[in-house]
Every structure is written in C-alpha cells, then in structure tokens.
Amino acid sequence: NAWALSRRFRAQFELDEKPAFVTRYGYRKLLVTRAAAKPLPGTRSYGRQSDRTDGDGFEIRQLGEAPGVLPLYILEHVLPTGLVMHKGDLDEELPPCTEEPTSVHTSPDDFLDAKLLAEFDRLRSVLVAQIQADRGSERAGLLWGAMSELPSYLDLANEECGEFVLAYPQEAGGEEVARGIAFPASWRSPKERWLLAELGGELAAGRRAIVFLRHTGNRGFVRRLQRLIVEELGETPSVLDPAKVATAVRERWLDHVIADGCRVLLVHPKAVQTGLNNLTAFHTAIWYEGPDYDARVTRQANGRPHRIGQTEPVRLIYPFYAGTLQKTALDLVARKITASLQVDGLSLAGALEAAGALSDEDRLHATAALAIGQALYRAAVERGGGR
C-alpha cells in the first residue's frame with residue numbers, strides 16, 4: 001500500500017525490498033548472551049544464523065521481526081499521504097449512542113447496606129489519616145495507589161471476593177494500613193441488585209450486554225457475578241479471560257460464543273480496546289466498577305459496540321454509589337476523556353503507541369491510577385469527612 005501511494009516511498013524501496021524496509025523502519029527481536037570466550041578487543045565475527053560477537057564479549061542473535069514501525073516512518077510516509085478520520089466523522093451513519101451515569105442508592109430497610117457505607121467511610125478515614133501522617137517522610141506519596149483502589153471496596157466487599165486490604169506497595173515493605181469487612185456471600189449489595197435488574201431489562205428487550213470489570217484477576221469476584229446472573233436471570237455469561245484467550249484468536253473466540261447464543265459478556269476493557277470488530281453484536285456496555293482510569297482505554301472500549309456494523313442504539317452505563325468517591329472518580333475520568341477528545345489525533349503518545357513504539361500498557365495504566373489516587377485524596381480532604 002505504501003509503495004502504491006507514496007512516490008517518496010518508491011524512491012527508497014523497490015516493491016520486493018521488505019528486508020531493507022525492516023532495517024530502516026522496523027524492529028527486530030534480538031537474543032543477547034555472553035559469549036563463551038571473550039574475543040580480543042575490537043574483533044567481530046558473523047555466523048550462519050546472523051550471530052555476531054563483538055569485542056564486549058556478548059553474542060547477538062536475530063530471532064526475527066517484532067511488531068511496529070519507527071515513528072520516523074509515520075513522519076516521512078504516512079502523514080504526507082494519509083487522511084486523519086475521527087470516529088465522529090462516521091456517527092451520522094451509526095445508531096445513536098448515549099452515556100448514562102447512574103446513581104445507585106442503598107435500601108433504608110437493609111442493615112447491611114448501611115454497614116457497607118459505614119465501613120467504606122472508616123477505610124477512607126484511616127487511609128487519609130495515614131497519607132497525612134506520611135507527609136514530609138520518605139513514605140510520602142506511597143499510598144496514592146491504595147487511594148485509587150479504595151472506591152473498589154464497595155464492589156469487592158464480599159467474602160467470595162477475598163480480603164480487601166489497603167497497604168503500602170510491596171517494594172516499600174507492604175505494611176498493612178487497613179482491612180475491610182467481608183460481607184456474607186448470601187447478601188447482595190445494592191450495585192449487584194441494580195446490575196441484575198438492569199441486565200434483566202436489557203435481555204427482556206432482546207439486547208445483548210457487555211459488563212466491563214477492572215478486577216478480572218480476582219477470580220472470586222468474577223465467579224460471584226457469574227453465579228448471581230445465572231441464579232437471577234437463568235443466563236450463563238461468557239467470560240473473556242485474556243490469560244486463556246490469546247490476542248490472536250480473541251476475535252474468533254468471540255465469533256464462536258456469539259454464535260452459541262452468548263447474551264452477557266464479562267470482560268476487562270483492556271482485553272477488547274483494540275482490534276475487535278464483532279462486538280457490534282452487543283448493544284449495552286455496563287462499566288460495573290466505573291470507567292478505566294486510562295481515558296484512552298475507556299474511549300477505545302466504548303468504540304467496540306458503537307462502530308460500523310451496529311444496527312441498534314447503544315447504551316454506555318456507568319453505575320456509582322451516590323455520595324461516595326466512586327462518583328468523584330467517575331467525574332475525574334470524565335474530565336480526562338473530555339480532554340483526550342479535544343486533542344484527539346494530536347497526541348504524540350497515541351501516535352507512538354499506534355506505531356508500536358509504546359508497549360508498556362501496565363506502566364501507563366499505573367501512572368493514570370496514581371494521578372486518580374492523588375485527586376481522590378484531595379476530594380476526600382476537601383469534603384472534611386464525607387465519603
């Protein structure tokens with residue numbers, strides 16, 4: 001395609017000069033090992049398998065090509081011939097898409113509902129006090145990650161999900177700060193009751209639903225939601241586990257479960273944020289634990305059901321506990337998404353990631369979580385004791 005579109009590209013490469021293209025603009029996987037015997041300084045030798053031994057005593061072997069292209073390729077060949085299109089340019093041809101922040105309220109008649117909020121308040125108070133006590137010390141800022149996780153207690157406070165512990169990072173000793181109460185497995189939280197009612201309504205209307213979860217690594221949490229959905233709705237949800245379904249076969253796996261009648265899909269948003277075009281079979285996306293702290297992940301995951309091929313109106317629902325830090329976190333991510341929309345197509349980080357130059361998603365996600373943690377701490381302090 002590049003050879004056909006770009007006169008400059010044809011001036012650099014013939015149509016069959018793929019190795020030369022990879023050398024200039026691509027990435028290669030190399031295996032670097034210490035040579036058995038250190039050669040004399042400045043000597044080099046080459047083997048049949050592209051082994052190379054340099055004077056530093058290391059042997060370098062090419063293992064093949066790696067995904068991605070250098071940013072230089074985008075500057076020299078893509079931008080001069082490319083046309084930037086935004087998803088909004090296609091929206092007139094798509095069904096409507098609505099975003100629905102939804103407040104979840106506790107029941108005044110349920111003692112455990114009130115106890116859940118009271119325990120959350122206790123955890124928040126303990127964590128805020130410890131962060132304040134760490135000011136000016138070598139531990140200052142080490143609990144931002146714990147603060148970003150605090151709103152999740154409201155969704156994970158069940159004995160089936162395991163213990164909820166707020167602690168310092170393991171590299172800083174892992175000292176425990178607070179431990180939340182685990183509620184009985186027989187009790188359904190207000191948000192669980194809301195989720196079952198919402199899914200019931202969507203299924204009755206003939207609409208398939210995706211439930212985005214951030215804590216898919218908590219097997220007890222995922223199994224609990226599966227069990228509740230089966231018990232209440234008689235519907236067995238499919239779970240897209242990235243650890244079991246490799247990226248290369250993920251679209252084929254989804255084709256199979258959709259053909260088998262899957263109507264509810266539980267999945268981490270990062271597992272479907274790019275490269276999948278068959279999630280248009282689903283019409284509603286529920287961010288059960290709130291949007292991902294990385295605004296790009298949230299936007300890209302939302303684009304999976306609302307894209308070419310969708311025939312039904314799309315609902316994006318964000319449930320949160322009223323009056324808690326879950327609402328604060330939702331507002332913070334919403335502002336980040338608005339900001340990312342304003343610079344869409346102009347983000348250097350986004351361009352480099354698309355080119356394969358940025359692959360450390362966990363690092364980027366952790367940075368976003370720490371920023372959210374700082375903002376949640378400020379909001380908790382400003383409220384003077386509120387949730």
Side-chain angles (χ1 to χ4, degrees), residues 1 18 22 25-32 61-70 87 161 208-227 229-230 235-283 285-289 291-310 349-369:
N1 289 338
K18 181 182 175 182
V22 174
Y25 295 118
Y27 295 96
R28 287 192 171 97
K29 299 177 183 178
L30 302 177
L31 176 64
V32 182
R61 172 176 296 181
Q62 281 191 33
L63 300 181
E65 298 173 11
V69 292
L70 294 173
K87 178 178 173 293
C161 303
R208 290 182 164 125
I210 304 171
V211 180
F212 287 128
L213 305 172
R214 287 193 290 116
H215 288 85
T216 52
N218 186 324
R219 303 301 183 189
F221 172 53
V222 176
R223 285 195 293 266
R224 174 174 174 79
L225 290 183
Q226 283 182 286
R227 177 178 65 80
I229 292 171
V230 171
E235 188 79 25
T236 302
S238 298
V239 180
L240 174 50
D241 187 344
K244 297 180 180 179
V245 185
T247 303
V249 300
R250 208 161 284 171
E251 188 161 21
R252 191 161 65 250
W253 181 90
L254 282 168
D255 282 337
H256 176 73
V257 298
I258 291 170
D260 280 351
C262 167
R263 297 203 296 166
V264 179
L265 176 68
L266 308 182
V267 64
H268 195 294
K270 292 177 70 175
V272 299
Q273 63 174 330
T274 56
L276 297 176
N277 298 313
N278 51 2
L279 289 180
T280 52
F282 296 87
H283 316 109
I286 299 174
W287 290 84
Y288 183 74
E289 297 184 82
D292 194 275
Y293 289 157
D294 188 333
R296 293 173 306 152
V297 173
T298 299
R299 287 184 55 201
Q300 290 170 341
N302 280 340
R304 295 301 101 194
H306 191 239
R307 61 191 295 108
I308 294 174
Q310 181 58 264
L352 294 178
E353 181 188 2
L358 286 179
S359 59
D360 193 357
E361 285 291 337
D362 290 335
R363 175 182 59 80
L364 295 174
H365 184 75
T367 300

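Treat the numbers as computed from the prediction; the structure is a model and nothing was measured. Hydrogens, waters and symmetry mates are skipped; everything else that's a heavy atom, side chains included, is used.
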| said: Could you walk me through whether V222 and H268 satisfy the side-chain contact (heavy atoms from CB on, under 4.5 Å) test, starting with their C-alpha distance in whole Å, then the side-chain angles of each, then the deciding distance to 0.1 Å, before giving a yes or no? | reply: CA-CA 11 Å; V222 176; H268 195 294; over 6 Å; no
| remark: Shortest non-hydrogen pair, E235 vs I229, comes out as O-CG2, 3.3 Å
| request: To the nearest 0.5 angstrom, please state how far the CG atom of L254 sits from the CZ atom of F282. | output: 7.0 Å
| remark: Heavy-atom nearest pair, Q310 first then T280, reads NE2-O, 3.1 Å
| field | Value rounded to 0.5 Å, distance of CG in D292 from CG in N302 | value | 10.5 Å
| message | I'd like to check L30 versus Q62 (side-chain heavy atoms, cut-off strictly below 4.5 Å). Are they in contact? | response | yes
| note | Here the gap from D255 atom CG to D260 atom CG, rounded to the nearest 0.5 Å, amounts to 11.0 Å
| query | Between the side chain of E65 and the main-chain N/O of V22, is any donor-acceptor distance below 3.5 Å? | reply | no
| task | Compare every heavy atom of V245 with every heavy atom of V249, then report the nearest pair and how far apart it is. | result | CG2-CG1, 4.1 Å
| Counting N and O atoms only, with roles assigned by atom type, does the side chain of R250 sit under 3.5 Å from a partner on the main chain of A271, one being a donor and the other an acceptor? | yes
| said: Are V239 and R223 packed together at the side-chain level, in the sense that at least one heavy-atom pair is separated by less than 4.5 angstrom? | reply: no
| query | Less than 4.5 Å apart, any side-chain heavy atom of R304 and any of N278? | reply | no
| query | Any side-chain heavy-atom pair from K270 and D294 closer than 4.5 angstrom? | reply | no
| remark: CG (L266) and CD1 (I286) are apart, to the nearest 0.5 Å, by 10.0 Å
| message | Here's one to test your reading of the geometry: is the NZ or CZ of R214 within 45 degrees of the ring axis of Y293 and under 6.0 Å from its centre? | response | yes
| For the atom pair OG1 (T236) and CZ (R263), what is the distance rounded to the nearest 0.5 Å? | 11.0 Å
| query | Excluding sequence neighbours, so at least two apart, what forms salt bridge (Lys or Arg N to Asp or Glu O under 4.0 Å) with R227? | reply | E160, E231
| message | Is it the case that over 12 heavy atoms from other parts of the model lie below 6.0 angstrom from the CG atom of L31? | response | yes
| Is the number of heavy atoms from other residues, nucleotides or ligands under 6.0 Å of N1 CG greater than 12? | no
| request: Sort out for me which residue in V230, L225, L265, V211 forms a side-chain contact (heavy atoms from CB on, under 4.5 Å) with P237. | output: V230
| field | Minimum heavy-atom distance between F221 and C161, given as atom pair plus value | value | CA-SG, 3.7 Å
| remark: Between G26 and L70 the two heavy atoms that sit nearest each other are O-CG, 4.3 Å
| Hey, what's the ring geometry for F212 with W287, parallel, tilted or perpendicular (30° and 60° as the breaks)? | tilted
| Taking all atoms of both residues into account, what is the closest heavy-atom pair of R307 and L276, and its distance? | NE-O, 4.1 Å
